[in-house]
Structure formats: structure tokens, C-alpha cells
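Beneath this line is the structure, given in C-alpha cells, with notes to follow.
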Amino acid sequence: MVLSDQWIYIKDLKDHIGEHVEIKGWLFNKRSSGKIHFLQIRDGTGFVQGIVEKSVSNETFELADELRIESSLSVKGKVRKDERSPYGYEIDVDGIEIYQIPLEDYPISKKEHGIDFLMNNRHLWLRSQRQFHILHVRNEVIWAVREFYRNNGFILIDTPILTGAIGESAGELFNIEYFDLGKAYLTQTGQLYLEAAAMAFGKVYNLGPTFRAEKSKTRRHLTEFWMNEAEVAYYTSNDNMHLQEELVSYVVGRVLERAGDHLKALERDTKPLEKVQTPFPRISYDEGVRLLQKKGFDIKWGDDIGGDEETAISEEFDRPVMVYNYPRNIKAFYMQPDPQRPEVVLCDDMLAPEGYGEIIGASERINDPDLLIERIKEFNLPAESYDWYIDLRKYGSVPHSGFGMGIERLVAWICKLEHIREAIPFARTIYRIHP
RNA sequence: UCCACCAUAGCUCAACCGGUAGAGCAUCCGGCUGUUAACCGGAGGGUUGUAGGUUCGAGUCCUACUGGUGGAGCCA
């Protein structure tokens, strides 16, 4: 038999039942007895088991015997549907070509590993099935985000990664030498640039890496993470909240539709995700504080809402909840005060269910130039760095609102991960930059 | 920056009141014709993170350091 027939991907096996095909991939596990080898093969699109029985040529049977974990190989054989396989299909192998037998033992075993070891071996850990499913969900999340904006008339505006001294506060910025211009910083937010773009394009968004030099060590923090921000001219805080719930419900819906098998493989109970339909509940900061006091938290008006408090609030609801209008003193300088109550600002945080906390931070922005200048001074920020930002308020200033959504937090919640570091291919945390 | 915890074989972990290091997996050898983290038999594998200290004796107790983990603050 001619064995040079077509190479296909594992995900397409279902369309080739009974045919003789070739799979190119890696051996992720092997079980053998004297007369039969079970080859567990991964090709990046899925997983399948190849069967090598003694009845094949001696040469092929010997090759199967030599294979070690993570050997790269091509197998040829006939596709068969089989209930005994966890993947539904099997290949009766009659030809094996080895690309490489690993030079050393593969470090990641079939048993458990500690997180330090796994993160040190992240370049190999990516090959594991769990990571395969998580990163497929991430892929669908990002596609869905982009799709949402495209469907809703937004323009993609890529905001700069290198910036001058501008953002919400200094001290949490990574800095580098920038030729003769002194220090440049890695972006902490593209918001200010999106505000400029909103005055040019109306509805804009970005999606890219963001950097925070905070020494945070928790399951919710990375020093480098991907953020989606949106900014819309003429949107009030209420319009903004509506946009956020439309976005999040859309993304969750698309992920359920397109990555349902991945969620199932991760043993993620999808029932809570199916409830993520608009409208989302909204409670004011005032109501939030009263609710927390009733639940026994030691919190008074004016205090920020911490992680445990966020969880306690989100427990009251079966879908993401938006907590709006926080005290002005605990929020950023650019947020628009409530004209009825100047001690609070028009803003909201969206808290994910199941204890995942804040996934979106949002606000209406100050549009009055004098008030903005006053706030910049009040926060002791260098006014000269904000010259162009203030400029935006001089030429047809309008009410406008926007938000930032953490992609990894969203992925961690949708996959129900213990830690955000599995939601990004190569996590950057305070003590980890390698690999 | 602060608080807590952890560090023993390649990996995951044991080792009682301080008494001289043990298992599973991985590796190698042998067996097994449907395995599902396959299984069965055998073998090799250790300066117990580093440096001091207490003690007749330290993996175990004390101090410092290094590396890591979780959390607080802060945020997405």
C-alpha cells in the first residue's frame, strides 16, 4: 500500500472515517503490552490514540517500541470510530516516521507537579491538555471581543505601549531610557489616547498589553496583562454600563457556542455562564456599603471595597454586577463628579460572579477643562505632561465615557481557574520573567 | 512595602518526642494482545536550598540569607 496519502489534522478525523490518513504530531503518552502499543498523539488541534498491533511490519512495531514521551512523529493508518477511545476515534497504525526521539527525559510527567516547577517549565507546560483548552478559550474570548466592537461600529485604535509620564499615578510604571528624551514608560492604560481618538472617531477600542509595576502577589494580578479598553464620545455613565453588559454577555455567549467542548474538558460547569444575560444588576456604592455592613463587614462610607467585600457583593447575584458611583476620594483624577452629589464620581466596577472580582473598571470622564486642571493639581500630577490631554477639553469638549476590561481575569472566570497565570501563555509576575 | 507558609531523589510527597533517608511516578531491564495518570517483577538514583548555631547526635530545634507560594495594600 502506498503510504504517501494525505496529511490531515486530528480535529478533522471525523470527516475521514475509513480512510487511510497521515497525522503529524507528538507522542504525549504511550501504553504498551507485549503485542500491542497504544500511542497517544497530539497535533495541536486535538488528541487521538493510535493502535500498533503485532500484525504490522516488524519494523513499524519496533519503531513504536522505541518511542518516548514527546517524540515527534508522523503516523499513517486507517481512521476508525471507536467507543473505547476517550477521543471517539482511533487510528490503526501501519506506518511510523520518527522526526525526533527526545534527547532527554521529558520533565513534565503524568503525575502532579508544583506550580513553581510548572512555571519554570511553562514552555513545555503549554503542551499539556489543560493548557490547550484554556488557551483555546482565551483565543475565542479575544475573537469575540474584537467581533463585538466590529459589529457595533467601533474603530480599532492601537494605543502606544511606550509613553511619556502619563497615566493614573507614577511609581507603578516600568521605565526605560529613551534616547535623549529621558525616561519613557511602559503603558499602564491607553485610556487617555483613546479619549483623543474618541473625539476623532466617536466609538473606539483597543486591545493590547498593559504593564503595572505594582508588587502585587495575588491570584488576580500580573505585571503584564492584556486589556481591552473602549471609549465613546457623548456616552454617559449609564450608556457606558449598558455597553459593558452587552460586551460581556456577548463574549460569554460566543465562548459557550464556540469553545463549549474546551470548557467541558476543563470540567467547567457552564450553567452559571448560561445565566450571563442582559440586563446585569446594578447597585450604587451606597447600597453596596449598606449591604456589606448588613453582612457584618467592618466598612464605612468612604472606604474602598476590597477583595473579600467584592466577593460578598457578587454572591448576591447570579450574573456580573455593576457597582456604581464611588466616593471621589478613592477614584482616579479624571472621573466626572456627579452633578447632584459632588462627593461621588460617575463610574462603575463590574464584578464577576463566583468570587472572581473586578473585571471592568469604568467611568465618565471630566469634560470641563478647568475642573480637569484643578483635579490634576489636587492629585499632585505634573500638569505639563497632561497638556495634550487638557487640550482635548478645549476644542469641542463633550461628555464621554469608557472602561478597561482585563482579558486574563475574564478568561480566568470563564474557565474557573484558580489563578490568572494560566490564562495567558507566558505569565509575567513579580518574581518571574523566565521563560 | 508588610504578614503568613513552604524548600527532602528528575517530579509529587513521607520520615512520630531530635536517634543517622522512604514511597509512588519517571529512567533502565524483564513480562503482558484493548491500555485509559495502564498494570506486574527487578535495578539504579540523596552533601535533606545556603551559611552559621544548640546538642553526644539535626531532615527535624534556633538565627540569617536565598528561592518560591498565598494574602494585604493597589488595581484589570
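None of the values given here were measured: they were computed from a predicted structure. Per chain, numbering begins at 1; letters A, B, ... match sequence-line order.
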Self-check item: ring centroid sep under 5.5 Å plus plane angle under 30, A:F225 with B:A76
Solution: yes

Quiz item: Does a side-chain N-to-carboxylate-O contact under 4.0 Å join A:K331 and A:D349?
Solution: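 The answer is yes: the pair qualifies as a salt bridge.
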
Quiz item: Can we say A:K294 and A:E316 salt-bridge, meaning some charged N sits less than 4.0 Å from an Asp/Glu carboxylate O?
Solution: no

Any strand is fair game: report the nucleotide pairing with [N] by Watson-Crick or G-U wobble, both distances under 3.5 Å, or none.
N	value
B:A58	none
B:U48	none
B:C39	B:G31
B:U1	B:A72
B:G24	B:C11
B:C16	none
B:G67	B:C6

Distance check needed: [N] [atom2] versus [X] [atom1], whole Å only.
X	N	atom1	atom2	answer
A:Q40	B:U35	CD	P	12 Å
A:R212	B:C75	CZ	P	9 Å
A:R31	B:U33	CZ	C1'	16 Å
A:I36	B:C32	CD1	P	14 Å

Touch check for [X], heavy atoms < 4.0 angstrom, all strands: base, sugar-phosphate only, or nothing?
X	value
A:E224	nothing
A:G357	nothing
A:G34	base
A:L222	base

Can you figure out which of [options] approaches the side chain of [X] most closely?
X	options	value
A:S33	B:C75, B:U69, B:C32	B:C32
A:R432	B:U69, B:G34, B:C74	B:U69
A:N29	B:U33, B:A37, B:A76	B:A37
A:F117	B:A76, B:G73, B:U12	B:U12

Counting neighbours of [atom1] on [X] that are heavy atoms of other residues, nucleotides or ligands and sit closer than 6.0 Å, is the number greater than 12?
X	atom1	answer
A:K30	NZ	yes
A:E418	CD	no
A:Y89	OH	yes

Quiz item: Under 3.5 Å, is there a donor-acceptor pair linking the side chains of A:W26 and A:D43?
Solution: no

Practice problem: Using distance alone, with no hydrogens and no angle criterion, decide if A:R122 and A:Q131 have a side-chain donor and acceptor under 3.5 Å apart. | Solution: yes

Exercise. Please state whether the base of B:C11 and the side chain of A:H113 form at least one donor-acceptor pair under 3.5 Å?
Key: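 Counting by modelled atom types and ignoring angles, no donor-acceptor contact under 3.5 Å is found here.
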
Quiz item: Is a donor-acceptor contact shorter than 3.5 angstrom present between the side chain of A:E112 and the base of B:G24?
Solution: no

Report, one pair per line, the protein and nucleotides 26-30 of chain B atoms (nitrogen or oxygen only) whose separation is under 3.5 Å.
from, atom 1, to, atom 2, distance (Å)
B:A26, OP1, A:K110, NZ, 3.4

Side-chain N or O of [X] less than 4.0 angstrom from OP1 or OP2 on [N]?
X	N	result
A:H419	B:G70	yes
A:R421	B:G70	yes
A:K215	B:U1	yes

Practice problem: Using the side chain to side chain donor-acceptor pair (under 3.5 Å) rule, take A:H136 and A:D261 through it: C-alpha gap first, then chi angles, then the decisive distance, then the call. | Solution: CA-CA 10 Å; A:H136 265 280; A:D261 289 347; over 6 Å; no

Self-check item: Chi-based syn or anti call at B:C17, which uses purine or pyrimidine torsion atoms and a 90° bound
Solution: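 Base orientation: syn.
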
